[in-house]
Each structure stands twice: as structure tokens, then as C-alpha cells.
Amino acid sequence: MANETTSETLAALSIEQKAALCIGSDFWHTTAVPEHNIEALLVTDGPHGLRRQPDDGDHVGIGGSLPATCFPTASALGSSWDPALVREVGQAIGVEARAQGVAVVLGPGVNIKRSPLCGRNFEYVSEDPHVAGRIGAALVEGIQSQQVGGSVKHFAANNQETDRIRVSAEVDERTLREIYLPAFEYIITTARPWTVMCSYNKLNGTYASQHRWLLTDVLRDEWGFDGVVVSDWGAVHDRVGALAAGLDLEMPPNLGVSDRAVVEAVRSGQLDIAALDRTSARMLALLERSRQRQPAESDAAAHHALARRAAAESIVLLKNEGVLPLVDDAELRVLLVGEFARTMRFQGAGSSQVNPTRIDVLLDELASLLPSSRITFAPDADAAESALHADVVVACIGLSPEDESEGYDRTHIDLPVAQVELVHALAATGRPVVVALINGSAVRVSDWADEVDAIVECWLAGQATAGALADILSGQINPSGKLTETIPRRLADNSAYLNFPGEQGHVRYGEGVFVGYRGYDAQQVDVSYPFGHGLSYTDFDYADLSVDLAGSVTDGDLRITVSCTVTNAGDRIGAEVVQLYVGDPVASVARPPRELRAFRKLQVAPGRAERVEFRLVERDLSFWSSSHGRWLAEPGQFVIEVGASSRDIRLRTVIDLDGPPAGLPLTDSSTLLEWLADPVGRERLHAAVGVDANGRPNGILGQPAMAAMIGNFPLPSLVVFPGLGITHDVVESLLPRQ
Ligand code: BGC
């Protein structure tokens, strides 16, 4: 192919060669066609570091992989709210991919955390699509800056592990459009990933791998995706149906079966050759893109340092009653409790597992940052006795690898009983207690949080988790992470509680758009720590909110500029994540009280003030109207809130949005009330019904109380009620038969 153009190569390929091009040749490679100089591409997991199996590996994808930097998992990296940092991480993963000959990295994962129970939440960014999209796009941009492809996964509605291979996610279109698709949409339209990985599950009864609406109508026709859709590993059930729906590459290959089925389908006329040509052309384009990749050397020490910086930015300080940061002092006695202080857990189990280049140890890292202090260690239950001889206790607790993993979901969000008992025992000593949490997804803290002095949520922050935790505990780095998922008081408070993980092959997304904080806020439920929460060792003041509207909905050029001033009121440099939420309190559909529409992370020196500016457009005020089949911003009042978390709103204002009422399309199933609510419909109805001698509207239009009572009937159904003035002729004049 080197000397041929893509279209020449395509024209020269046989049907058999095209069919082969669209399935892999083994677990990690695409198929080479040497006659046309088409080489095989190597694809490799995963989102937060490479899992490149050696060429003599087990070829089923499960065994060990070559050493690579294990960066923070998505749950952690998302909590940094820092796309620039995530871009750097992506770039480093891209460099390692170049060094290991990898053409496409299978990540990021941007599925929404619908329930805290999802076993794979550690691989996903957030319960909110805005932040998931921004973080996912940054990772793709970083990886692809190295001429290595990204693969955004798992498209779509893969929000649980239970029965993940075949469960049907039953999701209405509005919920899909507002919650489960926007992160993909943003990444695809801005970062232009080379590939998208479809999910295993069915969406409303059809496997994602053969879902035409998803893979072609939305992904390509609406969003303009021009890359390759790759199957999740083993997600293809009907190769021909999948290809016709828009799935390009089957991985791993069902060799001898899938390729033959495609050839036969083309020969029999069941599959249009044009579909196979389109797919082959996309595979050739992928090859062209990957040919720009140059080999590289990766610097393990530099990447470890980046992994540590990223982890430190991701760690969230949930609570601090003055005990942190620890100040180095010959008099200070620090007791580290829990095995994690010696053997850190830093990643989750499953296909994303990286073989790290090195692993930090908290005991060593803290000792080197607090050289004068006395740091001791107690692994378990005896710890309370030792605590009596300490000035401060740092308890490292969390989940074990078996508690959360790809392949299955959790059944509760509690910590192991022994760990909770340990916290109670330590707190009972009266010594200041800091809890460092090591877990990939939210755990319940409500039964002990009040007893301790500080809580540091580390997530699974990669191979440098321990070093980064030491940076935070010692104050070497001022914490700036914020939660991208709510920590509920009880699992039962979560809006998906009654519909997770579904039953008998179906999971109904009954909570609709009320996912995560959208649900907790709408139901006014107390939470332990809200979405967006995270403390710093300094304080930030918010002031001077201003909102400027330009353009209009009518002209399609609405622009809203929101700005405010953030001041570092403390005496340390620190970074704040300023969050902007929008609410539409009076709408024709149920809408969440507030939805994140923008954020900015800024570093502010002590005593300094920074002006922050956000731009909103019509889509930011809109919901997906199923009746109109489009995004809709209804005229009226909108609440603009700026805050330090979804429940720490510092500035608030209300804006008025002008514009024509959207109205519903009036059809033969529109009710009398809907006709009356629509200005044009109302006028036409009045004209058709006419007035009496006194100028009063005839029939029911002159009787408002009656109209309110039976106004829910569709107009044509009222013809059988005598005396209402809604006759066959009236209906016929308004809704002529086609
Ligand atoms: C996972 C994907 C992963 C693939 C290859 C699948 O089981 O769902 O996320 O990329 O395996 O390892």
C-alpha cells in the first residue's frame, strides 16, 4: 500500500482480503495483507497505562504484560479536574505506546457512574457527563499527540458489570442524550479519536455491536465520527449485521467464521459491498494514521514523577479539622496504621491492570518528607494500643482487589467490618485520627466520619499513590482534587437503587436523567460529601458575579458570558476548581435542580485574585425534547450558580431567556389543552369553533372550567361529546386527513 493511494488499494483488494481486514488476526493484532503492503497493527489496553502483552505471551490476553507506568485510574484522574494535566498523562502513555510499538491504546473509559456499585467505576471518570467528556477528551488528545490512536469506550450505556455481555439497558432517548452520550459526543467532536469501542450490552433490545442508530445515525451522521469502530473483546454476535450497522473491526477475531460470513453475505447480496468498502477504507485510513508514528524511548523516572504529580492533584481532602498538614518536628510522632501503608493498593482488577515500573511505599515516602519526625507502623487491630503513644494516627483503609473489579459489581458500599472497627477503636483513643481511603469507587463513610479529624480520599491513584499521599499529608502539595462522584450516606439514597442491576436480562434506567447529584439534589437527600467537594489547605473567596447575554435563541447565536473573581484568602498557594451550574426551575419537563456546564481549575497565589470567565451557549440551557426530536431551550428564567461544589454554591443569579415558546407539534393526538396552550393553535381553534351572537366563543371554548376538566382529551376524541362545539368539521379543518 505504501506506493498506492487508499482508493487504489481498496480497488485492488479482493472481497476476501477486505473481509480479513475487518477482523483481527489474533488477540491484539489487526490483519496484514502483505500483497498490498498492509501491515498488522498492535492494539493494547488500557486507560491509565499500557498493558502490552509480550509477543510470546498467553495470547488470550490475561497473563502478564511488559512493565509500564501505572498512572492514576480514571476515578482518580477525573478528580484532578485538570484537562491540561490529563493531556500530559495521555502524552506519556502515547510515548510508552511508541516505545512498545503500539498503534492504538484502548482507552479512555467514559461510561457514567450510574450507581456506586458498578465494579468498573474505578475505570470511569464521573457521574457527570460534562466532566467525563472534558477529562476523556484530554486523555485522547494527549495519546494522539504521539500519533498513537485512542479508543473511547464502552459505547454505550455500559454502566454495570452484572450480565454485561448481554443485558439490555432500557434507556429513553432523553436520558441517553443528556446523560449517557454527551461525554462520547464531546470527545468525538473535539478530540477526534481514531477509534471508538462499542460495548458488550444491548441498548433497548439491540446489541451495541449491531446498533445502527448508535454506530451510524448518531456516531457518524450526527457527530461526524470518521474513525474505526472496534468491538469490545467478544462483543460481536452477528458479524454481518454488525458490519451493516457500522461496526468496523471485530476483536478478537472469530477466525474462519466471521470472515467467511462476510464474504458469503456480499456474494449472496445480503450485504451491500459498499458497506464492506466503507469499513475497509476506514481500516486503511487507520493504517495511514498509524504510519506517522515514530519509535520513542520512554523515560521511566520522568513518567513516575508525572504519575506522582497527577496522583497528588487527584487526591481529595474530604475533611480536615486542623490536623493536616503534618509539620515536621523532632517532637512529632506519627503512627501509620494498615497494610496499605506498607503495601499500597493503586489500581483495579481486570483488563486495565498494568505491570508497574515501580511502586511507592507510604512509610518510606512520608519518612523522607518528615525527616525529623518519628514515623512508626502498625499493620492491624493492636494499633489502638500503639496509638496512645502517637501524636497523630494515619489509618490507611479501603477496599481489597476482590471487592471491586471488572466482571462483577459490588452488592454494597461498606468498608470491611474490621476496618470500620479499627477506625472506631483509634478514634476512641482520643488521638487525632486521619483516615486515608484507598478505593476505586465510593464507600460509605457516614458511620465513622464524625469520629475522625481528617479524611483523605486517594482513590486508586496509580503506582505513585503512596508518594502523592505523603506529599498531601506533609503539605508538600496543597490538595486540590474534587469529587467527580457523590459519596452518599447510604446506598439506598442513590437514585438507581431500585433499578440496579436489573433482572431477567433487562436493566431499566428508571431514574431517567436524575443520575448522581442530579438525583440527590432533586430528592433533597443529605449526602456525606457532595459532587464537586474537595478541601484545600487554603481558603478561596468568590465575588463579583456578572452575566452577559448576547445573540438570541431565535437567531441561533445565543452567547452567555459568566465571570467572577476568586481570591486566595489564605497564606498558601493553592488551586481551586470553580464550578458553574445551570438550573431551569420552571420547565415543561422535569429537570435536575442544577447541572454542571463548565469548570475551571486555577492556581492562585496567597492574597491574589483571579477573574474567571465561562462561555455558555444555547445547548447549555437545553434539554433533549423527545417530542421535538431536538435540543430545546425554553424561554423563561434560568438560575446560574458558581460554587466550590454542587452544595457549596457561592454566587447565584437568575437570567431571563427570551425566545418564541417552543410549542409542541400539534397532531391528532394533541389534547384540547395543548391546542389552547399553543398561541397559533389556540387562534386557529377559536376561528374554527366560532363565536355566538354576543361574541363569546362557542361551546367549550366559552366554558373555561369545563375545558380544564376534560381538556386532556385529544381533540378528535371530543367530537362524541355533544354541545362542546368540537365537531367533525372543526377537527377536519384543523387536522385535514392526509
Ligand atoms: C474490556 C475492554 C478491554 C478489552 C481488551 C474487554 O473485556 O471490556 O475494556 O479493552 O477487554 O482487553
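Bear in mind that the values here come from a model prediction, so they are computed numbers and not experimental data. As the structure lists them, so they are numbered: ligands from 1, and atoms in each ligand from 1. Basis for what follows: all heavy atoms, side chains included, without hydrogens, waters or symmetry-related copies.
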Between Asp248 and Arg278, is there a salt bridge with N-O shorter than 4.0 Å?
no
Within the 4.0 Å heavy-atom shell around Ser351, which atoms of ligand 1 are there?
1 (C), 2 (C), 3 (C), 9 (O), 12 (O)
Run the numbers for me: atoms of ligand 1, each under 4.0 Å from some heavy atom of Tyr200, listed by number.
6 (C), 7 (O), 8 (O)
Quick one: does Arg51 get a heavy atom under 4.0 Å from ligand 1?
yes
Paired with Gln146, the side chain to side chain donor-acceptor pair (under 3.5 Å) test is passed by just one of Gln292, Glu96, Arg98, namely Arg98
Mark the output for Arg120 as yes if a heavy-atom distance to ligand 1 is under 4.0 Å, and as no if none is.
yes
I'd like to know if Asp403 and Arg410 make a salt bridge, using a cut-off of under 4.0 Å between side-chain N and carboxylate O.
no
Which heavy-atom pair separates Ala235 from Ser209 by the least distance, and what is that distance?
O-OG, 3.0 Å
Record the part of Glu123 in heavy-atom contact with ligand 1 below 4.0 Å; permitted values are side chain, backbone, both and neither.
neither
Pick from Arg358, His304, Arg308: which one makes a side chain to side chain donor-acceptor pair (under 3.5 Å) with Gln463?
His304
Tell me whether ligand 1 is touched by Met251 - counting only heavy atoms on the residue side and a distance under 4.0 Å.
no
Would one find an N or O of Trp28, backbone or side chain, under 3.5 Å from an N or O of ligand 1?
no
